[in-house]
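See below for the structure under consideration.
Note that the structure is predicted; figures quoted are calculated from it, not measured.
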Amino acid sequence: MPSVLPDGEPMPEDGALPGHALAGAGQRPLGFYLHVPYCATRCGYCDFNTYTASELRGSGGALASRDNYAETVAEEIRLARKVLGDDPRPVETVFVGGGTPTLLPAADLVRMLAAIRDEFGLADGAEVTTEANPESVDPRYLAELREGGFNRISFGMQSARQHVLKILDRTHTPGRPEACVGEARAAGFEHVNLDLIYGTPGESDDDWRASLDAAIGAGPDHVSAYALIVEEGTQLARRIRRGEVPMTDDDVHADRYLIAEEALTAAGFSWYEVSNWATTDAGRCRHNELYWRGADWWGAGPGAHSHVGGVRWWNVKHPGAYAQALAEGRSPGAGREVLPEEDQRVERILLELRLVDGCPLSLLRPAGAAAATRALADGLLQPGPYEEGRAVLTLRGRLLADAVVRDLVD
């Protein structure tokens, strides 16, 4: 089942934010994340806040139904307008994730987007993305999304090999994600991403190369490649514990990352975040960049997290409890935290160091600055940017990013 929510102070019933949270808001981008918690089946590696029909049956009744979900999310968007008051910012990015957003009718996704447009307005050139399961869309569905204002789409591919997909409990067939790229292009989508996962038990180097070749050959302008993380409580974790499948070690993950970097770079992609590559600057996922740069976003939906001006909060997890709160005129927020300046500094280092532009050395305390000097000598940071006052990871540094961050935040 999904992981637990963090601890925090209670959320006000009206969702009101401290006055300082909106100070200087005009200088920060504003985005929306819309969480769709429904899945046809639960993948063995997944611990996201998602629910299958059998998991919802008898636990929330009609309130947890897909049928009225778009209107429920629209109600939270209207709440966001009240909470943010006369904030004049139009929304620059919208990202619909899950779960499987495309289990809902395309008209429902368009309806949620329309609520944002009606309440806040969309900035010129706003990026509007949805995740999609390759088996849950067809050309007509994609055309309806594009006509409704979506201009970017992200397909979950994971692997091109059937035996790897089977270990992950993925239900799509090899070749279908690549076909979806062509269908999305035909529908008029400007930007298309394929998500890949490496390090699945039983995956070989050749399997991974085949997946990369298939993804590149499909013609997306963005590829995300993530190392498989085996989360406690998942079906995959239980299978590994029982000895049914082997655990992949960190050295294999490093080798697979190097294979990805070589293949994607040769195909004209450039890394801009440790796990993300794009063919052009315009092809980057601006919504994710908003997260990594500590901007403002409102997360609508069960379990969704939000951040505005150093205040972070999260919604109740269950779709029924979420809908009940909004029906009663209450914020669905389960808790929040006001981030102290030191926590904000640490988070900036943690997130910005993953980016191709790196983070300012001015953020570092003396111990962190000394660690940066050592990282430079060890070939983990690039010399040129360092001389200009920024910590930017080398390729080797990207392999050891978590360790570098731990040292720099001291």
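Tested against Asp296 for a side chain to side chain contact (heavy atoms under 4.5 Å, CB included), the candidates Leu22, Val311, Leu84, Leu30 yield a single pass: Leu30.
For Glu273 and Arg354, the salt-bridge test passes: some basic side-chain N is under 4.0 Å from an acidic carboxylate O. One finds a salt bridge joining Asp87 and Arg89 here, because a Lys/Arg side-chain nitrogen approaches an Asp/Glu carboxylate oxygen to under 4.0 Å. Remark: Arg81 does not engage Asp86 in a salt bridge, criterion side-chain N to carboxylate O under 4.0 Å. Between Glu289 and Arg286 there is no salt bridge, since none of the side-chain N atoms of the basic residue sits less than 4.0 Å from a carboxylate O of the acidic one.
Tyr291 and His287 share a donor-acceptor pair across their side chains, judged by distance under 3.5 Å alone.
Take Glu190 and apply the side chain to side chain contact (heavy atoms under 4.5 Å, CB included) test, not counting sequence neighbours, and it matches Arg146, Asn151.
For His222 and Tyr272, the gap between ring centers is short of 6.0 Å. Checked against a 6.0 Å centroid threshold, the rings of Tyr257 and Trp277 count as neighbours. Aromatic pair Tyr33/Trp297: centroids not less than 6.0 angstrom apart.
A pairwise comparison of heavy atoms in Ile197 and Trp208 identifies O-CZ3, 3.7 Å as the closest pair.
Under a 3.5 Å cut-off, the side chain of Arg312 and the backbone N or O of Glu337 do not form any donor-acceptor pair. At least one donor-acceptor pair closer than 3.5 Å links the side chain of Ser159 to the backbone N or O of Arg161.
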